[in-house]
Structures are given as structure tokens and as C-alpha cells.
Amino acid sequence: MSALGSIVPLAFGALRRNRMRSSLTSLGVIIGVGALIVTVSSGEGSKAVLQAQLATLGTNLLIILPGSSTSGGARGGPGSGKPLTHADLLDLVAGVSAARYSAPVDRTTTQVVIDNQNWLTTVYGSTPEFFAIRDWTLARGRFFTSGEADSGAKVCLLGQTVATQLFGNGDPLGQVVRVKIMPCEVVGVLGGKGQSSQGQDQDDLVVMPWVTFKSRMMSQDRVHVGSILISALSPDEVSHAQSQAMGVLRQAHRLSDKELDDFTVRNLADLAATQEQAADTQTGMLRNVAAVSLLVGGIGIMNIMLVSVTERTREIGIRLAIGASENRVLLQFLVEAIVLSAAGGLVGIALGLGGSLALSAINHWPFIVSPGWVLMAFGLSMGIGVVFGFYPARKAARMNPIDALRFE
Amino acid sequence: MSGEPLIDLKAVTRTYLTGAATVHALINVTLTIAPGELVAIMGPSGSGKSTLLNVLGCLDQPTSGSYRFEGREVATLTRAERAALRLSAFGFVFQGFQLIARTDALDNVELPLVYADVPGPERRTRAMDALARVGLVGREHHTPAQLSGGQQQRVAIARALVNRPRLILADEPTGALDTRTSIEVLGLLQSLNHGGITVVVVTHEPDIALYASRRLVVRDGRVISDDRQRAHDAAADLQALPQKAA
Ligand SMILES: Nc1ncnc2c1ncn2[C@@H]1O[C@H](COP(=O)(O)OP(=O)(O)O)[C@@H](O)[C@H]1O
Ligand SMILES: [Mg+2]
């Protein structure tokens, strides 16, 4: 179409003549599109970090805690109500066919001492399944065996942080550390996991057999279990495993249909959801800034186009009088509005990408920009030109040429 | 007179309703113009000359009456149909030049061709030819602000003739020009007329009307006289004028 070929350069010419005005007018669109790009990019970046961190928790993970999760009323959160028992664990192992591994977990905070070095850390008591469920790797040595777990052997594994704090660059394997009051042989050092999404050091721990933990760290109580971890056969089996576990526990705890759960089964997806929600609230504010800026930017474009149409009334009169069709005049001013807002969109995209890059550097998350979003932001800025440029353009196209020619 | 008239007005009335007052700008105008005529429309200010010209050029519509152009009724055309007719059949020289500011002469002249969707290269050649015809070779890239009044009027005439119209309508084309330049402009219109284009010129200066072959006088919206005359030759008169200092 030859019409556009002559109209687009015309639009650029008209905008170039009012360079300052054009750039100020585009400011709203620039800020809006820029904020939009930053919103999306930082949202994606923080989500990627979150997912990477959640993955360190272990795959297909279910966490069973004592107490109801219902938050309303006086019912209380996890930890209140009936504690979990070792019998529950055995029922779960027998009854949850969608589970690959199940493990009891108890923990306490205590001193670990070797020679004149000591370190305050969290000590976990569990079974070898724990390492599989939580995706722990070995840096050195070995995990403890089922035999050691059952017999309550005095063996333990150190997290990277604990190993470094107690032994520096030395070799902890075979060394005997004192955990609380119990001497315990180090059989392995766990691979590093780094910080959790809450900023905790996941490598600051000691793991020993659950039986050992219960008989030496606690007061000989080998009935109650602090929490139970289950890993499902596959990601698709997580919800199946969850409902199976709930059924098993309701039966074990002899709950009637009217009674609420006295335990909580959490899965990783729930956890991810709550954390993503927190991230979303952060980006939500920026999104509002983007939306308001785009609206203001659109109104600015409409305003300046109305001014421009009035200023150029005589020019419009000439064009119409010569025989330009209404559509050609409409298209001319519409294209001008689109060029104006699309140019703002391009600048906004550039600024947004710069801002996202800076944010990703500050927050140590990956710089993620999908071309689809950039294209969409550009399309959006063009759309703003169309929507807000239409009324001024139509005003130009509908002028009476005789009156327009006489306009002073 | 033989053959079909180019323009055939019958009982044309144009009434403006402005708030309280009703202005009868044209009252019962009946008029024919044959192809190849050069007509001057005269009359005092406010008599309805521009209104008549706008009706002839399909910029305005009669309130009542009939207007046939080349035998076709055009008084009742839609806005879009009138625009298309203006583009293809008429060339306008508006009062006060009416060139697009900050746009060079060539682009101004090309404008009707742009809207007629004439392809770029042909547009350029035809616009250059039109500018050459009005004696503006070398001024193609001057903007209106860089041209004298006479030169601006020549650009306006080039724009009016570039789409090869059958009828050129000029409203007070010499209004802002000195005597010599005015005669030059009339000379141009005469030469276009000799080339076969019908020309209608509105003027309130009797000296300018001398160059037309027919003289209509309008007063209070009515045509009060319609005389044919021997037109003065603008080219010859220019020769007789004392040379302007270069
Ligand atoms: N748009 C309009 N609205 C109201 N009255 C108008 C309008 N245009 C012209 N007139 C009136 O119509 C009459 C003729 O105007 P016009 O044709 O411009 O006269 P001329 O060109 O001979 O000076 C004048 O009285 C003028 O005031
Ligand atoms: Mg007039």
C-alpha cells in the first residue's frame, strides 16, 4: 500500500519538528513500558532463584507435622495437638504406596566439640532415607547404614559449615566429635547446598541415626517423632502420596469423619506457592506503577495529538480541500500517535532492560528477559497509540475543509 | 453555444444558519460555463463570490438547487464522493496561497498526487513538470517561508494543475500581490486556459477581470450581470510594463 509509504515519513517529520514536546509526551509510555519490563524480568529472576532453592529441599517432598494446619479460631497451628509417633511412621511406610522413601526427623540445637574447637549447630536424627529424600550428596566418606541406624550406632555426618568450623582444612573422617555429651565418630561430610530461600545456611548441620539421637540427645523417648518426611515416587504422585498419608494418619489416630486432622501434610508445591505469593506482592506494586504510567502516557499522547490537530487545522483543511479522503487524514494522525508511543515504548524497553540487568546484579538472580514479553511491551505501546490517538485523528478527519482553511 | 456545458447551475441557493441570523449567501443562481472559458467573478466583499466558487468546486453544497458537472448531478454527492471528485477533476488556488508550512515546494505540489495514489517516481516527475510550467525550476526545495508571495502563488498554481484537472478555481489569487506579479499570475492562468483547462477566478479588482473572457458580477448572493468580453493578453501587458529591477 503506497499510502503508508508516504504517511510514515510524514509522521516522523511532524514529530521531529517538535522534538522536545514529543519526548516529554512519550515520557509516560517510557516509564510505563520500562516498569513493565522490570516487573516481568525481576519477577522471572526471583522466581528462578526461588525454584532453584526449593529444589535443594529435595524432590517430590512431603512434610508431615503434628497438629492441625487450620489457622482459624483457637485450634492452633502445627505443633499443637497430638504428637506423631514411630508407629505412625511404620503405618505410613506400609500404607503409602505412592511414597518412595519415608524418614523420621527430630532435631535440636546443641554444641559440637573437638579438642578446643566448638560450634553451635542443629543436630538432626533420622534414617538413611533422609539423605535420599533431601537430595544430600557426599563430599567425603559415607552415609550411615540401616544397620547403624537401627542399632543406634554413635556415628554422624557433618555439614560443610560444621566441618570447616571444627576442622578447617583438616580431614574430619574418623575423628570423634562430642555432640552435646555424646562422643560420635564422623563417617562422612555432606555436599554443600548453600543458602535457603529464607537466607539460612543449609550446610550448618550434623546428622546422626534417629535411634542414637532419641536415646542420647533426648530423654530416652523412642516413641514420639518430631516430623516425618516422605518423598513421592514422582512429581505426579505427590498429591496421591499426600492423600494416602492423610488417610493412613486419620485411621491411625482414629479420627471420626467429623473430627479435623490433628496433623499437617505439606507439600513442596504449597511451599512454593506461598513464597511465590510473597514475590508477587513485591512485583505487584511495580506493576501498578506500570499500569498507571501507561494510562497517563496514553492520555498525554491524546492531549498532545489534540493540540497538534488544532495547531495544524489549516494544513488539515488544505489536505481535505485538495481531495484527501477522511481515512487518509485519519491514518496520518493515527500513525503519528503510534510512532510517538512506539518510540516511547522502544526507549522504555531499553531503560527497562538496563534496570532489570542492574536489579539482577544487585539481587544475584539470573537476568531473564523473554523476547515474547519485549515484543508484547512494544505491541502494547503501539496499542496505546492506536487507542489514544484515534479520537484526535478522527477529529482531524471530520473537519470541514472550508472552516479549516479559514482557521487563524 | 454548442456542446454540453461543463458547469450547469440551476436555481442554486446557499443559506447559512448562524445562531439567530440566517445568511443567504447565494440566492437562486442559475449559470452555465462551457469548457474552455476563463470566467472572472466580481463583486464587493461579502457578496457571495467565495461561496459560489466553493459550490462550483464541490467544497460546499448548495442548500437547494441543482449542480451538474460534466452532465452529472453533484449537488447531492456524499462527502467522500465530493473529495474524490475534487481530487480528480478540480484544481484549487485558495485565497492566501494555503501551502503547507515547513514543507518544500515539491512536496506541496506532489500532495494531490499522493492522495491519488500516483506512484513515487511518476509523482516526482509530474510535480517537477508542474513547477517548471509555473517557472519555478531551481526552487523545488524551498519552503513557503523561503519564497516570495508571487512564488508561493506559483507553487499553489502548480499544485492546482498537477493532477491534470478539467477546471481550475482560484479565489482572489492576486489579493496579496503587486500589480506586476498579479499580471504574471493571470498570464499563467491564461496559458493554462489556452491549454484547454476551464478557469474560474474570483477577484474584486476590475483590472484583473480584464484578463477573463467573461465577467460575472455578484451582489448580495445574486448574479447581477454576465458579460462576455475580449480578454486582455497578460503576456503582452507584461511586456509593456516597466521592467522590475532584478
Ligand atoms: N460559514 C459561514 N457561516 C455563516 N455565514 C457565512 C459563512 N461563510 C460565508 N458566510 C456569509 O456569506 C456571505 C458571503 O460570503 P463569501 O462568499 O465569503 O463572500 P465574498 O467571498 O464575496 O467576500 C457573507 O455575508 C458571509 O458573512
Ligand atoms: Mg471571498
Side-chain angles (χ1 to χ4, degrees), chain A residues 1-22 304 307-336 339 393-408, chain B residues 14 16 18 25 50-51 53-55 57-61 78-104 107-124 143-144 155-156 159-160 162-163 165 169 171:
Chain A
M1 191 168 135
S2 72
L4 270 182
S6 61
I7 278 175
V8 173
L10 208 63
F12 274 103
L15 296 174
R16 219 175 297 125
R17 253 177 247 134
N18 283 306
R19 208 167 297 185
M20 188 65 182
R21 193 167 85 182
S22 305
I304 219 68
V307 170
S308 176
V309 165
T310 305
E311 279 176 355
R312 286 151 70 190
T313 298
R314 293 232 305 189
E315 175 195 327
I316 295 162
I318 293 166
R319 293 177 186 276
L320 288 170
I322 280 172
S325 69
E326 281 187 37
N327 283 344
R328 291 292 282 268
V329 174
L330 183 117
L331 200 63
Q332 181 189 337
F333 282 88
L334 203 55
V335 166
E336 221 171 287
V339 167
R394 201 186 60 161
K395 195 180 164 200
R398 297 236 174 135
M399 278 183 186
N400 176 345
I402 300 171
D403 294 341
L405 282 175
R406 242 188 246 137
F407 185 84
E408 293 304 322
Chain B
R14 179 68 172 96
Y16 291 110
T18 53
S50 293
T51 305
L53 200 75
N54 290 341
V55 167
C58 285
L59 266 174
D60 199 359
Q61 275 183 301
T78 64
R79 193 174 140 103
E81 287 167 336
R82 277 182 286 135
L85 185 63
R86 288 200 297 274
L87 192 58
S88 63
F90 305 147
F92 285 92
V93 180
F94 305 105
Q95 203 164 356
F97 315 139
Q98 303 284 17
L99 300 176
I100 297 182
R102 291 171 297 198
T103 302
D104 71 22
D107 283 343
N108 263 291
V109 174
E110 277 189 30
L111 209 57
L113 303 179
V114 168
Y115 291 126
D117 288 327
V118 174
E122 185 192 339
R123 212 157 70 202
R124 193 121 296 216
T143 62
V155 175
R159 183 179 64 191
V162 77
N163 62 336
L169 302 149
D171 196 352

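Lettering follows sequence order; numbering is per chain, from 1. Quick caveat: nothing in here was measured; it's all calculated off a predicted structure.
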Of the non-hydrogen atoms in A:N400 and B:R79, which two are nearest, and what is the gap between them? CA-NH1, 4.3 Å
In Å and rounded to the nearest 0.5 Å, what is the CD1 to CZ distance from A:I318 to B:F97? 12.0 Å
With a 4.5 angstrom heavy-atom cut-off, is it the side chain or the backbone of A:R17 that approaches chain B, or both, or neither? side chain
Heavy-atom cut-off 4.5 Å, strictly under: side chain, backbone, both or neither for B:N54 against chain A? side chain
Kindly check if the number of other-residue, nucleotide or ligand heavy atoms within 6.0 Å of OH (B:Y16) is above 12? yes
For B:D117 and A:R328, work out which heavy atoms get closest and say how close. OD1-NH1, 2.9 Å
Gap separating the CG atom of B:D107 from the CG atom of A:L10, nearest 0.5 angstrom: 8.5 Å
Side-chain touch A:L405/B:Q95, heavy atoms, less than 4.5 angstrom: no
Are side-chain heavy atoms of B:Q98 and A:I322 found at a separation under 4.5 Å? no
How close do A:A321 and B:F94 get, heavy atom to heavy atom, and via which atoms? CB-CZ, 3.4 Å
For chain A, which residues of residues 80-89 of chain B have heavy atoms nearer than 4.5 angstrom: B:A83, B:R86, B:L87
B:D104: side chain to side chain donor-acceptor pair (under 3.5 Å) partners, not counting sequence neighbours: B:H141
